[in-house]
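Okay, structure first, notes after.
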Amino acid sequence: MNIEIAAVSKRFGSFVALRDVSLKIESGELLALLGPSGSGKTTLLRIIAGLDFPDAGDVQFNGVSAANLNVKTRHVGFVFQHYALFRHMTVFENVAFGLRVRPRKERKPEEEIKKRVGRLLEFVQLSSLADRYPDQLSGGQRQRVALARALAIEPNVLLLDEPFGALDAKVRKSLRRWLKALHDELHVTTILVTHDQEEALEVANRVVVMGNSRIEQVGTPAEIYDEPANSFVFDFIGESVKLPVTVDSGTVWVGSRPLAASGSLPKPGPAQLFVRPHDLTFSEAATAPLQGAVRSVRRVGAASFADIRLDFGMENHFVEATIPANNPVRPGDRVGLTPRRFRIFDPSTGPQAIPSL
Amino acid sequence: MALNEAKISQEELDEFDPGEIFAPRRVKSRVVRVSTEPFYVRLIIVVAALGFLSLFIVLPLIAVFAQAFSKGFSTYVNALTDPDALSAIRLTLIVAFASVTLNLFFGVAAAWAITKYRFPGKTLLVTLIDLPFSVSPVVAGLLFVLLFGLQGLLGPWLAEHNIKILFALPAIILATMFVTFPFVARELIPLMQEQGTSEEEAAVSLGASGWATFVRVTLPNIKWALLYGILLCNARAMGEFGAVSVVSGHIRGETNTMPLHIEILYNEYQFAAAFAVASLLAMLALVTLVLKTALERKLERRSL
């Protein structure tokens with residue numbers, strides 16, 4: 001089922017949760033809504049589900065407005081952040097709930113419900129725990145019960161609100177892969193809300209970056225990471241170093257040194273240089289656009305990192321750069337750094353950028 | 001899974017499957033003596049507490065039963081089977097049943113509204129629920145006299161239409177309801193607040209109707225707290241004196257509840273009979289206490 005969100009706005013009291021948000025979700029895709037807390041991503045998900053209603057704008061399912069449908073009639077599978085399993089029911093009864101509460105004439109016979117729930121539990125690898133209660137399960141198991149329960153009603157769309165947020169790193173990782181495999185098998189349109197960029201970039205076909213109650217960028221994980229549309233996305237996704245620069249008659253100045261750049265530059269004046277730490281190469285201190293002193297050197301596993309304090313007058317700008325194996329540095333060394341790929345954003349107009357070198 | 005007695009990390013706790021190991025996995029807390037008072041101080045405190053308890057609660061309880069049986073068993077039975085006594089017991093049961101049932105309904109509705117919805121006047125409602133606790137029952141009774149009495153607000157109209165509320169069953173039920181209103185709501189609100197709305201949202205998203213959600217999801221989650229509230233509500237309803245005394249009119253065999261009947265007997269120097277009826281109320285208190293303890297255990301286990 002494809003979903004279209006058209007100019008949706010929502011406020012809670014004086015807090016604006018969504019500001020004129022439009023988005024098209026294709027049938028069968030796995031989309032991630034990614035953003036910091038308070039960016040409106042959960043509100044958008046709840047509006048799609050029919051748990052909240054927009055103040056303005058419309059949500060359309062397959063081209064038909066869902067304004068008159070509530071959560072009961074929208075037929076969505078919603079997985080809650082803290083699972084919201086029915087604590088007084090066994091795993092089996094939890095999964096069977098959606099089948100049992102159907103109106104009498106639509107309800108399947110008990111035999112069939114049993115068979116179906118059994119299949120679902122097998123699918124989420126929990127057959128052996130059918131008689132357990134939720135408080136006897138681990139977090140990862142509860143999450144899978146919640147998924148099976150949502151899938152039981154054969155939803156038009158699967159909505160997941162921070163599904164792995166409460167789990168520890170290891171379980172999260174394996175559940176992520178499992179979810180992706182599940183989606184590949186079922187092809188049900190799936191929308192996932194997360195604040196974890198790694199999760200969004202790994203699992204989703206398309207990522208919607210949200211910030212300040214708006215959509216900042218929509219793209220494939222690679223596009224989001226490699227071509228951030230604006231400073232918000234660059235800042236939010238991955239590691240980044242933000243440095244003040246000056247644009248003047250076709251040249252970018254980092255302090256008093258020029259930085260070779262191509263493409264269209266923002267208008268002359270102060271601007272911001274964004275660069276990923278791994279896009280910095282060590283080079284000659286005398287000529288490099290950036291230079292600084294090595295403060296400390298750390299080794300994490302196979303890689304070594306140097307904390308470098310850049311020369312920027314009174315301001316402190318620290319960069320963590322990967323030390324190449326053939327060029328060891330020691331604390332106190334003066335080094336030069338050349339950004340291989342970077343972006344320059346005009347702080348006043350926002351998403352103006354020049355392509356990297 | 002490695003078992004480290006001293007410290008279990010959050011990761012381990014998250015991954016911990018209680019089904020795997022039922023052996024105690026709880027972190028052994030080092031025993032720290034909080035009380036540093038010398039032995040005699042602790043002794044004095046314990047003796048004072050126990051002494052006070054036996055002097056003011058246990059002793060009177062024994063006295064009630066001793067007095068009730070002071071004139072022999074047959075007097076005891078006679079006092080309880082006296083037509084006026086039987087009528088008082090019947091009235092008390094009717095009033096308790098009616099007010100508990102109605103308060104059950106209103107209490108659940110109030111708790112539901114307060115915990116599941118946002119609406120203007122919510123804070124006011126929360127404050128008003130506690131009002132009966134802070135108002136003297138006699139004042140509560142007078143309130144109904146002012147409302148339904150002949151000189152009252154609605155009195156003349158009621159008299160015209162020949163509807164009898166004051167000095168009759170309706171007023172007794174109303175007064176009892178007023179006094180016992182907070183018990184059910186008070187028990188439910190904190191629990192329902194803690195449980196939040198996500199289980200209900202999940203139920204509705206799975207296609208359940210509002211009623212099905214309430215019966216299949218909400219009710220099972222609150223049933224022990226609900227029973228606890230009903231129990232306390234019932235105990236108070238049966239024992240209520242002040243408010244009922246003002247509105248009942250003390251008509252023997254008609255509008256006397258057990259507490260009122262006891263007072264009348266006592267004022268007529270029929271001590272043995274008074275205490276015999278009182279012993280029934282005392283037994284109700286004991287039963288309530290036992291059930292309350294059992295329910296508290298259930299509630300505690302739920303919240304673990």
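The analysis underlying the following values was restricted to heavy atoms, covering all of them including side chains, and did not include hydrogens, waters or symmetry mates. The sequence lines fix the lettering, A, B, ..., with proteins before strands; numbering per chain opens at 1.
- Within residues 34-59 of chain A, the residues approaching chain B closer than 4.5 Å by heavy atoms are, in numerical order, A:Arg46, A:Leu51.
- A:Tyr133 OH to A:Arg87 CZ: the interatomic distance, rounded to the nearest 0.5 Å, is 14.0 Å.
- For the atom pair CZ of A:Phe97 and CZ of A:Arg149, the computed distance is 8.0 Å after rounding to the nearest 0.5 Å.
- Using a 4.0 Å cut-off between a side-chain N of Lys or Arg and a carboxylate O of Asp or Glu, B:Arg236 and B:Glu240 qualify as a salt bridge.
- Atoms OH and CZ, on B:Tyr228 and B:Phe183 in that order, are 10.0 Å from each other to the nearest 0.5 Å.
- Only the side chain of B:Arg118 comes within less than 4.5 Å of a heavy atom in chain A; its backbone stays farther off.
- Only the side chain of A:Phe12 has a heavy atom closer than 4.5 Å to any heavy atom of chain B.
- Taking every heavy atom of both residues into account, A:Val124 and A:Arg144 meet most closely at O-NH1, 3.1 Å.
- For chain B, the nearby parts of A:Arg100 are the backbone and the side chain; heavy atoms of each come within less than 4.5 Å.
- Expressed to the nearest 0.5 Å, how far CG of A:Leu30 lies from OG1 of A:Thr190 amounts to 5.0 Å.
- Relative orientation of the B:Tyr117 and B:Trp112 rings is perpendicular, given thresholds of 30° and 60° on the angle between their planes.
- Using bins of under 30°, 30° to 60° and over 60° for the plane-to-plane angle, the ring pair A:Phe80/A:Phe78 lands in the tilted bin.
- For A:Leu159, no part lies near chain B; criterion is any non-hydrogen pair under 4.5 Å.
- Below 4.5 Å, heavy atoms of chain A meet no heavy atom from residues 90-109 of chain B.
- Looking at B:Ser209, the atoms closer than 4.5 Å to chain A (heavy atoms on both sides) sit in the backbone and in the side chain alike.
- The local environment of NZ in B:Lys122 is crowded, with over 12 non-hydrogen atoms from other residues, nucleotides or ligands closer than 6.0 Å.
- Taking CG from A:Leu137 and CG from A:Leu126, the interatomic distance works out to 7.0 Å, rounded to the nearest 0.5 Å.
- The pair A:Lys173-A:Glu202 does not meet the salt-bridge criterion, since no charged nitrogen lies less than 4.0 angstrom from a carboxylate oxygen.
- Residue B:Glu200 does not touch chain A at all, counting heavy-atom pairs closer than 4.5 Å.
- Salt-bridge check for B:Glu296 with B:Lys292: passed, with a basic side-chain N closer than 4.0 Å to an acidic carboxylate O.
- In this structure, the separation between NE2 on A:His183 and CG on A:Leu158 is 8.5 Å, given to the nearest 0.5 Å.
- Contact count versus chain B (heavy atoms, under 4.5 Å) is highest, among A:Ile153, A:Thr73, A:Val71, A:Val79, for A:Val71.
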